[in-house]
Amino acid sequence: MTLKTNLCNVLGIKVPVLQGGMAWVATGELAAAVSEAGGLGIIGAGNAPAEVLEQEIKKAKELTDKPFGVNIMLLSPFVDDVVDLICREEVRVVTTGAGNPGKYVDRFKEKDIKVIPVVSSVALAKRLERLGVDAMIAEGMEAGGHIGELTTMVLVPQIVDAVNVPVIAAGGIADGRGVTAALALGAEGVQLGTRFICAHECTVHEKYKEKVIKAKDRDAVVTGQSTGHPVRVLNNKLSREFSRMENQGATPEELEEFGAGKLAAAVRDGDVVNGSVMAGQSAAMVVKEESCQEIIDDLISHTIRVIDELKEKFGS
Ligand code: TUI
C-alpha cells in the first residue's frame, strides 16, 4: 500500500512528502537521502554564497538520480547568484521562503524548473498563481525558523480554496496523524523539517539532534517579533537573551547583529546554549534518530493506518 497524489506526478516522486530546505541543516546529503527514500529532498541555500551551494548540489547529484530541489531564502544577500546557479545546474524543483519570488518565476519556467513558493497569506498565493507557479507550500506558524502569522489549520484550507495548483501543507506535521489532517484540509502533500533534522543522514551536530529529541510541548518559542522577521527556535540562553533585548527596546539592527552566525554555531559546533536551535513545535513529537527511509515509511504507513481507522469509526 502506498499513498499517491497528483503532486507525485507533477514532481516525479513516489510519495507526497517534501523535506524542508532548512538553512545550514538541509545539505546535499540529506536531500539525496530523502529523494532516494521516495520523497523530495531539498537543499537549503540559506544565506550561503553560490559556490557553497554548488558543492551541495554536486554532492546530491552524486548520491541520487532522483529529482531533488533547492530552497532559496529570499532575504539572502546572494539570492541573484543562487538563482543563476540553479538555472545553470538545471535543478528540477525550486522552493522559496521568506519573501515574494515573483521576479524570478519566468526564469525558472524557461528552464522547465518547477517553482513552489512558501506562502503565508492568501493574497500572495493568488498573486503567485497568476505568475504560473506549479504548486505552493502553505506553512503555518507551528514551523521552525522564519514564520508567518497564521496556523497550519487555518492557512491550508484558505490557500486550497484560493488557488487551483496543488497545495503542500507544512508546519506542525510530524506523523501520520498530521499527514491525514493535512490531506483532510485539502493538501496534496506535506513538508516536514523538524523530523528530518533527526535523520541519520542529517549532518547537524549530535547536540542539535539531542535538543530536538528532548524538547517538550512548549519549548519551541518565537523570537524576533519586533524585527518583522519572527523566528521559531528551541528555548535556550540565546533565545532568552534575545527576548530580553527585544523587551528593552533594542533596534532591529542591534538584534540582527546579535543573531548573526548563531544558527551556524548550533548546527556546526553544537553550541545549543548560545546558538540558534531553529525547530518547529513538532520537536516535542520527534522522539528518536532514524534514517530518512524509516521516517518516510513510517509517515506513509501511519497515515494509511489512521485513514483506515477513521473509515472504521465513521465510514459505512
Ligand atoms: O523561510 C522559511 N524559514 C526560514 S528562512 C530562515 S533564515 C532566516 N533567519 C533569520 C531571519 C530570517 C530568515 C530560517 N527559516 N520558511 C518559509 C517561510 N516563508 N515562512 C514565512 C515565509 C514568507 C513570509 C513572507 C513567505 C512569503 C512572504 O511574503 C512577504 C511578501 O512579500 O508578501
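Order of appearance sets the numbers: ligands from 1, and atoms from 1 within every ligand.
- Atom 31 (C) of ligand 1 has its nearest heavy-atom neighbour, among Asn100, Leu75, Thr96, in Asn100.
- Of the possible donor and acceptor atoms, one in the side chain of Arg232 sits under 3.5 Å from a partner among the backbone N and O of Met141.
- Of all atoms in ligand 1, listed by their number and element, those nearer than 4.0 Å to a heavy atom of Gly145 are 14 (C), 15 (N).
- Closest protein heavy atom to atom 29 (O) of ligand 1: Leu124 CD2, 3.4 Å.
- The closest non-hydrogen atom to atom 1 (O) of ligand 1, taken over Ser76, Ala123, Ala23, Ala98, comes from Ala98.
- At a threshold of 4.5 Å between non-hydrogen side-chain atoms, the residues Ile113 and Ile86 count as touching.
- Atom 8 (C) of ligand 1 has its closest protein heavy atom at Met73 CE, 4.2 Å.
- Here the heavy atom of the protein found nearest to atom 10 (C) of ligand 1 is Val231 CG2, 3.8 Å.
- Arg92 places no side-chain N or O within 3.5 Å of a backbone atom of Phe68 that could act as its donor or acceptor partner.
- Side-chain N/O atoms of Glu246 and Ser226 include a donor and acceptor closer than 3.5 Å.
- For the salt bridge (Lys or Arg N to Asp or Glu O under 4.0 Å) condition, the pairs that include at least one residue of residues 273-295, sequence neighbours left out, are Arg195-Glu290, Lys209-Glu289.
- Residue contact check for ligand 1: Ser120 places a non-hydrogen atom closer than 4.0 Å to it.
- Here the heavy atom of the protein found nearest to atom 20 (N) of ligand 1 is His146 O, 3.1 Å.
- The closest approach between any non-hydrogen atom of Gly99 and ligand 1 is below 4.0 Å.
- Few gaps surround NZ on Lys4; more than 12 heavy atoms of other groups in view lie less than 6.0 Å from it.
- Close approach to Gly97 involves these atoms of ligand 1, each under 4.0 Å from a residue heavy atom: 1 (O), 17 (C), 19 (N).
- Looking at Ile72, Asp80, Val94, Val115 one by one, the single match for side-chain contact (heavy atoms from CB on, under 4.5 Å) with Tyr104 turns out to be Asp80.
- The minimum heavy-atom distance linking Ile173 with Val179 is given by the pair CG2-N, 3.8 Å.
- Evaluation of the side chain to side chain donor-acceptor pair (under 3.5 Å) rule for Arg130 yields no partner, not counting sequence neighbours.
- Of all atoms in ligand 1, listed by their number and element, those nearer than 4.0 Å to a heavy atom of Glu139 are 16 (N), 17 (C), 18 (C), 20 (N).
- Of the protein's non-hydrogen atoms, the one nearest atom 9 (N) of ligand 1 is Met278 CE, 4.0 Å.
- Atom 18 (C) of ligand 1 has its closest protein heavy atom at Val118 CG1, 3.4 Å.
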